[in-house]
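Please read the structure below before turning to the comments.
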Amino acid sequence: MDEKYFPKKIEQKWQRKWAETGAFEAKVDLEKPKFYQLEMLPYPSGNLHMGHVRNYSAGDAVAWFKRLQGFNVLHPIGWDSFGQPAEDAAVKRGVNPREWTDQNIEVMRGQLERLGLSYDWARQTFAHRPGYYKFDQWFFLKMFEMGMAYKRVTKVNWCETDQATLSNEQASGGLCWRCGNPVTKKDLEQWFLKTTAYADQLLDDFRQIESGWPQNVVKRQQDWIGRSDGTLLDFEVRGSGEKIRVFTTRVDTVYGVNAVIVAAEHPIVEAKLAVMSANVVDKIVKIRAGNAKPVEHEVEVEKDGVDTGLIAVNPFNGEELPVWVGNYVMMEYGAGAVMSVPGHDERDHEFAKKFGLQIRQVIVSATPASAAGGQSVNGDSNTGVESAAPARPPGDAGGDERAFADYGVLTNSGEWTGHASEDAKQGMTAFAADNGFGEAATTYRLRDWGVSRQKFWGAPIPIIYCDTCGIVPEKYENLPVLLPDNVPISGTGESPLAKLPEFVETTCPNCGRPARRETDTMDTFVDSSWYFYRYTDAANEVLPFDSEFAKYWLPVDQYIGGDDHAVMHLIYSRFWTKVLRDLGMVEFSEPFTRLLTQGMVVGETFFDDETGKRVYFPSSDVSVERDGKGKITSAASTNGQSLKYAIERMSKSKGNGVDPDEMVEIYGADAARLFILFAAPIENELVWNEAGIDGALRFIQRVWRLVLKWETAMAESPASQGGTDPGTRSGKLRQKTHQTIKRVGKSFEALQFNTPVAALMELSNAIGDLGIEPAEATAEERYAVREAVTSLVLMLTPYSPHVAEELYAVLAGNEDGILANGARFPVPDLDLAAADEIEIPVQVNGKLRARVMAAPGTPNAELEVMVLANEKVQEFTRGREIVKVVVIPNRLVNIVIKI
RNA sequence: GCUGGGGUGGCGGAAUUGGUAGACGCCCAGGACUUAAAAUCCUGUGCCCUUAGGGGCGUACGGGUUCGAUUCCCGUCCCCAGUACCA
């Protein structure tokens, strides 16, 4: 072997070997357990960024680990290649989106290959190619047949900057997921996929996978779906026979209603505009206008409203109530109207205060002492100190206090007085249903998925409009509806395809008469909702995939990606899978058994204080001062210009990016990958710092030199057992080896990538610490070193596969590496790993005072005697009364003395 | 505001879930090798006191439970993420 480690040379060598032998091409093999490792596929933006490197390094580590454990691993990759950046490039630079995309893919594939990621390239998918989007259309037709795809006019989220429609998920927080700008509402006719049909399943099926998903993602999806169980109630509008239906989760507070508040867009408002005064109408128009404005993030909109003059009747007690329009009531949720209970709802309380409406209390706390503040009180019963607050007089919810929103006991509620909230909710709902003015109901925050996009670079929606037949689906045999190649793209928000008569004009598949094609394309999230199925059967021209392949490979065993997709891609994919199941194409309900969300890679970004321009760091000269926490307190360029700084997601455009190619060029892919996994726990944010990567490279070089040093001696080592006595050098090393194997395996199963590296470094240090020259080593020692080094190299494979292959070839004495030799991940010998003498710390009154050596399993009594006889211990116990001795077997001894 | 997750050396981070806090790495300092440098190797490295042996203090802060608390409980402060009137 070479004296020196040349990353580039061996990385190229093994990359070539893997490609030539098709090392990572997966084949169905019913004899072997399968493992489907998946990472979120990249958008071909033009360059890989460090976030990709982190994501794919982690995925590759899992793939290798499972591969070395004997699993039949499927580890595919593809391109999420439809979407707006290609279209933006077309508008800005006049390039052809398809050519732009294909070029980017070529560049990025090269980058992935140079990282040596073990992908099955034969299964590569491209969302923008007809062979793929044909099946987006195929699925759309299936969903149309199922009634899962439908069209309606509605207010949609509109991003002015991108000139694009957004789904609710993509407009989460009132901001566009791509550009981060506020979103407005716009009336548009749109195709929807009925995600709400699966709302309950999307919630309940978490039971099947919850243990394998980050709780944060589960929580976010649950919140997003937002199921709430409550009651629909009808309030009659006096003198009209019409009813206003409200939704409430707190029907138990119905005796505290002071008004019915409806959305400005509510039909009853529209119907009664004529009978309202000009002032009121004016106000309503203003509120409507306010509702349509973009939502300012983090700014609470002030409550506004107006009394319509209408009177509604509380169906429970016949009380007459004013009907108000309120800007905080949304037409899109529940019934578009609420019963206002200011005593027990924070928003109603605020509204009532502002407009001087009556506030009445109908619920009191079930624990008497806590009623006063109108807030739930966690009385600290341990202290015994209790300030008994005076109970509020019934009927008065108090002036300045907040609403009491907790459950409690009903008061001032007619025959329901004295019931607990929970019981009253059930009873009152049943009562309403029996008397025909209400029913139990469940509402969701989740809305159907709007998939129409007035964009060019996406899959055309395969629908035809015929004056005679109406909406007609394209025939399956006519798929794909091809995306034309030369479309003028203006970027102004209309559908580019509409300007192309040869695309638009067609004939009706039903009656054959002239008809028009749908000119909108599908949301790119459609492509990514099912791509992982396509990988199992990527060349299929008839079906999206053959169910037999899906049955073998799916569900995905481990999925890795960023948590920015927690409520977009990950909800859509789960929805898609449920549709597939109902189509009979798969037999399970959840696509991803385990999910790992890796943290962002961020970098320090600097801005010129005057111009606001970004300054490149660390390559340009920026000097910084840091506080005790390592946070930058001030920064300046070398010419003395002071700089502002921020920590931002790494990217080229932000000037804090590191080019993966450059990094591979300098350090090699193996060191880069090792470092990115070692630097921080995978789920943490990673602040990029060049210094650490040297350490990774140094470690690889140390392992290299270790193999080099022991090469000959190891080749001459006996094939059979070495020593097992940890008292000897060889036995001690063997113990360390097996302890390390145990630790590393365990960590990998738990998806911890940073701690195994530490373990491997310890093992490597242990070999170095032997303090013997290979030439002098006994046969047993040679055996122990060989075992240690071989294990080390194998365990390094998931991080740094090229150098591991190369070193293993040296150890094996042939040209083949790990894969070709059929090597496996080492298995620990637990007997060897167990220590036969352990160090027991001895405490006196909880303070560490001594350590004694003892065999594991030494009886407590024996240990106690031994410890008390210890000279060091006696210094502390001499002349004192020993109260007791606590012995934790194999762990620790604590002597309690009287002071 | 609400919900969730956190707060450990100069830095990234360990710690078998109640049992030796700070593994491993980075940074830094000293030494060896070298004509010199780089590379490599060795040593030190939580803070304070001490000539040494050693001692004291330390896991955001204040309490509590326990023989023993980074870990459990109560309270306070701070940070990060999600969310934005969802009735």
In whole Å, what is the span from the CG atom of A:L848 to the P atom of B:rG56? 11 Å

Look at A:Q215 and B:rG5 and indicate whether a side-chain polar atom (N or O) is within less than 4.0 Å of OP1 or OP2. yes

In the strands shown, is B:rC47 matched to any nucleotide by a Watson-Crick or G-U wobble pair with both distances under 3.5 Å, and which? B:rG56

Would A:T429 and A:T231 satisfy side-chain hydrogen bond (donor to acceptor under 3.5 Å, both in side chains), going step by step from the backbone distance to the final call? CA-CA 6 Å; A:T429 301; A:T231 312; 2.9 Å; yes

Using atom CD of A:E350 as one end and atom P of B:rG1 as the other, report the distance to the nearest whole Å. 14 Å

A:R445 vs B:rA84: side-chain N/O to OP1/OP2 distance below 4.0 Å: yes

A:F675/A:F753 aromatic ring centres below 6.0 Å: no

Base, sugar-phosphate, or nothing: which does A:G226 touch, judged by heavy atoms less than 4.0 Å apart? nothing

Quickly work out the A:Q843 CD to B:rA69 C1' distance and round it to whole Å. 11 Å

Hey, can you pull the donor-acceptor pairs under 3.5 Å for the side chains in residues 325-338 of chain A, sequence neighbours left out?
residue: A:N327; atom: OD1; partner: A:D304; partner atom: N; Å: 2.8
residue: A:N327; atom: ND2; partner: A:E302; partner atom: O; Å: 2.9
residue: A:Y328; atom: OH; partner: A:D348; partner atom: OD1; Å: 2.6
residue: A:Y333; atom: OH; partner: A:S228; partner atom: OG; Å: 3.0
residue: A:Y333; atom: OH; partner: A:T443; partner atom: OG1; Å: 2.6

With the side chain counted from C-beta on, respond yes when A:L595 and A:L570 share a heavy-atom pair under 4.5 Å apart, and no when they do not. yes

Is any side-chain heavy atom of A:F876 closer than 4.5 Å to a side-chain heavy atom of A:I895? no

Which part of the nucleic acid, if any, lies within contact of A:M330, taking any heavy atom under 4.0 Å across all strands shown: a base, the sugar-phosphate backbone alone, or nothing? base

Mind checking A:N684 for me? I need base, sugar-phosphate or nothing, with any heavy atom below 4.0 Å counting as a touch. sugar-phosphate

Can you find a donor-acceptor N/O pair under 3.5 angstrom joining the side chain of A:R891 to the base of B:rU16? yes

Give a yes or no on whether a salt bridge exists between A:D2 and A:K4, defined as a side-chain N under 4.0 angstrom from a carboxylate O. no

Are any of the side-chain nitrogens in A:K219 or A:D223 under 4.0 Å away from the carboxylate oxygens of its partner? yes

Among the nucleotides B:rG56, B:rC85, B:rG13, which one has an atom lying closest to any side-chain atom of A:Y328? B:rC85

Taking a pair as Watson-Crick or G-U wobble with both distances under 3.5 Å, which nucleotide is matched to B:rA39? none

Give A:K847 one of three labels, base, sugar-phosphate or nothing, depending on what nucleic acid heavy atoms sit under 4.0 Å from its own. sugar-phosphate

Does B:rG82 have OP1 or OP2 under 4.0 Å away from a side-chain N or O of A:N216? no

B:rG58: syn or anti, per glycosidic angle within 90° of 0: anti

From B:rC24, B:rG19, B:rG56, pick the nucleotide closest to the side chain of A:F678? B:rC24

Which residues pass the side chain to side chain contact (heavy atoms under 4.5 Å, CB included) test with A:A854, not counting sequence neighbours? A:I840, A:T858, A:L863, A:M866

Nucleotide forming a Watson-Crick or wobble pair with B:rU3, both distances under 3.5 Å: B:rA81

So, OP1 or OP2 of B:rU83: does either fall under 4.0 Å of a side-chain N or O from A:S172? yes

Considering only atom C1', compute the distance from B:rC57 to B:rU65 and round it to an integer number of Å. 23 Å

B:rC72 versus B:rG19 - spacing of their C1' atoms, nearest Å: 14 Å

Work out how far the C1' atom of B:rG63 is from that of B:rC77, and round it to whole angstrom. 15 Å

Proximity of A:W704 and A:F699 rings by center, below 6.0 Å: no

Can you tell me the distance, in whole Å, between the CG atom of A:L686 and the C1' atom of B:rC11? 13 Å

Pick the P atom in B:rG46 and in B:rA21, then give their distance to the nearest Å. 14 Å

Which listed nucleotide (B:rC67, B:rC24, B:rG19) is nearest to the side chain of A:K884? B:rC67

Pick the closest RNA chain B nucleotide for A:E332 and for A:A758 by heavy atoms, then say which residue is nearer the 5' end. A:A758

Does a side-chain N or O from A:K219 land closer than 4.0 Å to OP1 or OP2 of B:rG4, or not? no

Whole-Å P distance, B:rG25 and B:rU45: 14 Å

The side chain of A:R220 lies closest to which of these nucleotides: B:rC67, B:rG82, B:rA87? B:rG82

Would you check, one step at a time, whether the test side chain to side chain contact (heavy atoms under 4.5 Å, CB included) holds for A:V842 with A:N870? CA-CA 10 Å; A:V842 182; A:N870 184 288; over 6 Å; no

B:rG25 P sits how many Å from A:I700 CD1, rounded? 14 Å

Selected nucleotide, minimal atom distance to A:N754 side chain, candidates B:rG13, B:rG19, B:rA87: B:rG13

B:rG44 and B:rA38, which share atom name P, separated by this distance in whole Å: 22 Å

Does A:S228 have a side-chain nitrogen or oxygen under 4.0 Å from the phosphate oxygens OP1 or OP2 of B:rA87? yes

Measure up the A:F206 and A:W213 rings against each other and bin them: parallel (under 30°), tilted (30 to 60°), perpendicular (over 60°). perpendicular

In whole Å, what separates the C1' atom of B:rU51 from that of B:rC41? 31 Å

Please report the distance, rounded to the nearest Å, between OH in A:Y799 and C1' in B:rC24. 12 Å

Between B:rU76 and B:rA23, how far apart are the P atoms? Round to whole Å, please. 35 Å

Where the chi angle of B:rU83 falls, syn if within 90° of 0 and anti if not: anti

Closer to the 5' end of RNA chain B via nearest nucleotide, is it A:I888 or A:R250? A:I888

State whether A:N765 places a side-chain N or O below 4.0 Å from either non-bridging phosphate oxygen (OP1 or OP2) of B:rG25. yes

When the distance from CD of A:E685 to C1' of B:rG5 is rounded to whole Å, what number comes out? 14 Å

In whole angstroms, how far is the C1' atom of B:rU83 from the CG atom of A:N168? 14 Å

For nucleotides 40-54 of chain B, 5' to 3', base contacts (B), sugar-phosphate-only contacts (S) and non-contacts (-) with protein non-hydrogen atoms under 4.0 Å give SS-------------

When all nucleic acid strands are considered with a 4.0 Å heavy-atom cut-off, which category describes A:V757: base, sugar-phosphate, or nothing? nothing

